[in-house]
Amino acid sequence: MFPPINEQMDIIRRGVSEIIPEEDLVRKLEQSQRTNTPLIIKLGCDPSRPDLHLGHSVVLRKLRQFQDLGHTAVLIVGDFTGMIGDPSGKSKTRPALTLEETRRNGESYFQQATKILDPVKTKIVYNSEWLGTMTFADVIRLASKYTVARMLERDDFTLRYKAGEPISIHEFLYPLAQAMDSVAIKADVELGGTDQKFNLLVGRDIQREFGLEPQVALMMPILTGTDGVEKMSKSLDNYIGITDPPNEMYGKTLSIPDSLIYTYFELATDVPLERLKEIKESLNSGAVNPRDLKRELARTLVAMYYSPQEALKAEAEFDKIFVEKSTPTDIEEFKLERENDTVTIVTLLTQTKLASSKSEARRLIEQGGVSIDGERITDVNAPLPTKPVFIVKVGKRRFLKIVCTTN
RNA sequence: GGGCAGGUAGCGAAGCGGUCAAACGCAUCAGACUGUAAAUCUGACGGCUUAUGCCUUCGGAGGUUCGAAUCCUUCCCUGCCCA
């Protein structure tokens, strides 16, 4: 039923940063094969940010590989933890969500995740199921199993503590709550980014405390965002969303620095190992223009999440707008009522939300960022064209088709 | 409970009675350039019927002053040290 261990390990090892401990994983695989029982592979997801991007896809794709090998994927929606609001890391006060909100986000997460995962083989559970029924006494008992010193070992805590930044008591409970998830589902393997190392390891300790065999921690590298510096995240706006429309996905991919091309191929796509090697070589030797590889990457990604046809379309559209400097095929329309013609360019820009304020609208015009039907507007007070339909362009890539209606 | 240091625009951080819509850096936006939505360079970066004009901002509320981000009172929040 299961492929040979070596084969499984080859697939599992691709792209991973660390497996702790690897021997345990091999042993678990052997046992699973012997007893013909799939392993339980756990992945926790944060329902406060339901928009998935390529960064999430790195781990999700690993989970998919486990599914394809015949193992069971369990997605844990942190609806309970989301209700409290985790203030860890950079976002200091994460808004506490209601149970309905976290459920809804969980749904949305699942829908997006199944663009990568096999929906039939994915089990989805909500951690309020077991965390919500714990009593205060249970929590204290759980907390007694870990020490402050060990908690402070966590890199994130150490740094914040040294920097004199606040750490709330309940943040200490998060790793423990996450560990309880592993206990509840009897996880054999937990996936996560390298930033999850500490939490994954706490899971091992707590499982042991509950008389379970500790899980294997499998960590994937953190994907760098399109800025080439920070990790990909929505709040830094350096992400490529897996639900981004094809054109967007294509364009964003082309904007990554050349140094990231290989990493993206390795972590975010399915290109076979041989091709991966070729790509690395051609990048190192300079035999191929990086642009061509980047375009291939962009096409590959769009093809993965949409279709090869969409990928070609996105590429054509990109060339049309940025290389030929022409206008896109489909432009959003805005219906403009102009009866007594009090609409100026400035008010038009604010009305259409192309500018957030009139001052900004003026600024854009003064800096030459606004054009109508391809003609740059330089005068703030220039009259609007009298035509019934015209195209307004702001910056490099925001277009709007204005359709005038006269009542 | 006591002592000390802080809370400034999206973030970080200057300013410590008028010349402050508030230096500087990052982020953002625009322009030039480019294979690119990259890099680099240039500029902008609270709002308003563009105005050497007005309005709203420096944790909250009061107060002193002709005038307060800057001084005082009080409250809230954060860190450190002592208990």
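Order of the sequence lines sets the chain letters (A, B, ...), proteins ahead of strands, with each chain counted from 1. Predicted model only: the values in this text are computed from it and were never measured. These values consider heavy atoms only, across backbone and side chains, with no hydrogens, waters or symmetry-generated copies.
Only the C1' atoms considered, B:G47 is 36 Å distant from B:U34, to the nearest whole Å. Nucleotides B:G18 and B:C11 place their P atoms 26 Å apart, quoted to the nearest Å. Spacing of P atoms, B:G25 relative to B:A14, comes out at 15 Å, to the nearest Å. Nucleotides B:G15 and B:C71 have their C1' atoms positioned 15 Å apart, rounded to a whole Å. With C1' as the reference atom, B:A22 and B:C41 are 27 Å apart, rounded to whole Å. When the C1' atom is used for both B:U28 and B:C81, the distance is 40 Å, rounded to whole Å. Nucleotides B:G59 and B:G53 are separated by 31 Å at their C1' atoms, to the nearest Å. Comparing the P positions of B:G46 and B:A23 gives an interatomic distance of 9 Å, to the nearest angstrom.
Heavy atoms of A:E248 sit under 4.0 angstrom from at least one base atom. Across all strands, A:G368 comes closer than 4.0 Å only to sugar-phosphate atoms, never to a base (heavy-atom distances). Across all strands, A:D292 comes closer than 4.0 Å to no nucleic acid atom at all (heavy-atom distances). Across all strands, A:K393 comes closer than 4.0 Å to no nucleic acid atom at all (heavy-atom distances).
Nearest nucleotide to the side chain of A:L364, out of B:A37, B:A30, B:A32: B:A30. In this structure, the nucleotide among B:A37, B:U78, B:A32 sitting nearest to the side chain of A:R376 is B:A32. Nearest nucleotide to the side chain of A:Y161, out of B:U78, B:C80, B:G35: B:C80. In this structure, the nucleotide among B:G35, B:G79, B:G43 sitting nearest to the side chain of A:Q367 is B:G43.
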Checklist entry - In the 5'-to-3' direction, what one-character label does each nucleotide of nucleotides 45-60 of chain B receive under the scheme B = base within less than 4.0 Å of a protein heavy atom, S = sugar-phosphate only, - = no such atom? => result S-SBSB----------
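Put simply, NZ on A:K123 and CD1 on A:I76 are 9.5 Å apart, with the number rounded to the nearest 0.5 Å. Interatomic distance, CD1 of A:I372 versus CG of A:L348, reported as 7.0 Å (0.5 Å rounding).
The side-chain tip of A:K252 points at the ring of A:Y239 from less than 6.0 angstrom away and within 45° of straight on.
Regarding A:Y239, its OH atom lies at a distance of 16 Å from the C1' atom of B:A27, rounded to whole Å. For the pair A:K294 NZ and B:U36 C1', the interatomic distance rounds to 6 Å; values are reported in whole Å. When rounded to the nearest whole Å, the span between CD of A:E324 and P of B:U34 equals 17 Å. To the nearest angstrom, P of B:A37 lies 18 Å from CG of A:L260. Atom CZ of A:F399 and atom C1' of B:A37 are 12 Å apart (whole Å). For the pair A:R160 CZ and B:U78 P, the computed distance is 13 Å after rounding to whole Å. One can place CG of A:L236 at 12 Å from C1' of B:C26, the figure rounded to the nearest angstrom. In this entry the distance linking CD of A:E165 with C1' of B:C80 reads 14 Å, nearest Å.
For B:C24, the paired nucleotide is B:G12, the pair qualifying as Watson-Crick or G-U wobble because both relevant distances are below 3.5 Å. Across all strands shown, B:U57 forms no Watson-Crick or G-U wobble pair with both distances under 3.5 Å. The pairing partner recorded for B:G79 is B:C4, the criterion being a Watson-Crick or G-U wobble arrangement whose two distances lie under 3.5 angstrom. Under the Watson-Crick or G-U wobble criterion, with both distances below 3.5 Å, B:G18 is paired with B:C66. Pair assignment for B:C41: B:G31, on the basis of Watson-Crick or G-U wobble contacts that are both within less than 3.5 Å. B:U50: no Watson-Crick or G-U partner with both key distances under 3.5 Å is found in any strand.
A side-chain donor from one of A:E317 and A:T329 sits under 3.5 Å from a side-chain acceptor of the other. A donor-acceptor contact closer than 3.5 angstrom is absent between the side chains of A:T347 and A:T350. Of the N and O atoms on the side chains of A:S182 and A:K42, at least one donor lies less than 3.5 Å from an acceptor on the other residue. For the residue pair A:Q112/A:S108, the side-chain donor-acceptor check at 3.5 Å is satisfied.
Of the two residues contacting RNA chain B, namely A:V370 and A:P290, the nearest-nucleotide position lying further toward the 5' end is that of A:V370. Mapped onto RNA chain B by nearest heavy atom, A:D227 and A:N289 fall at different nucleotides, with A:N289 at the one closer to the 5' end.
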Checklist entry - When you look at A:Y146 and A:F172, which way does the ring-ring contact (aromatic ring centres under 6.0 Å, His included) test go after all the steps? => result CA-CA 10 Å; A:Y146 229 78; A:F172 279 176; 9.7 Å; no
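When the side-chain nitrogen and oxygen atoms of A:R397 are compared with OP1 and OP2 of B:C29, none of them lie within a distance under 4.0 Å. The side chain of A:K396 contributes no N or O atom lying less than 4.0 Å from OP1 or OP2 of B:U36.
Taking a cutoff of 4.0 Å between a charged side-chain nitrogen and a carboxylate oxygen, A:R398 and A:E332 do not qualify as a salt bridge. A salt bridge is absent between A:K28 and A:D24: the closest approach of a Lys/Arg side-chain nitrogen to an acidic carboxylate oxygen does not fall below 4.0 angstrom.
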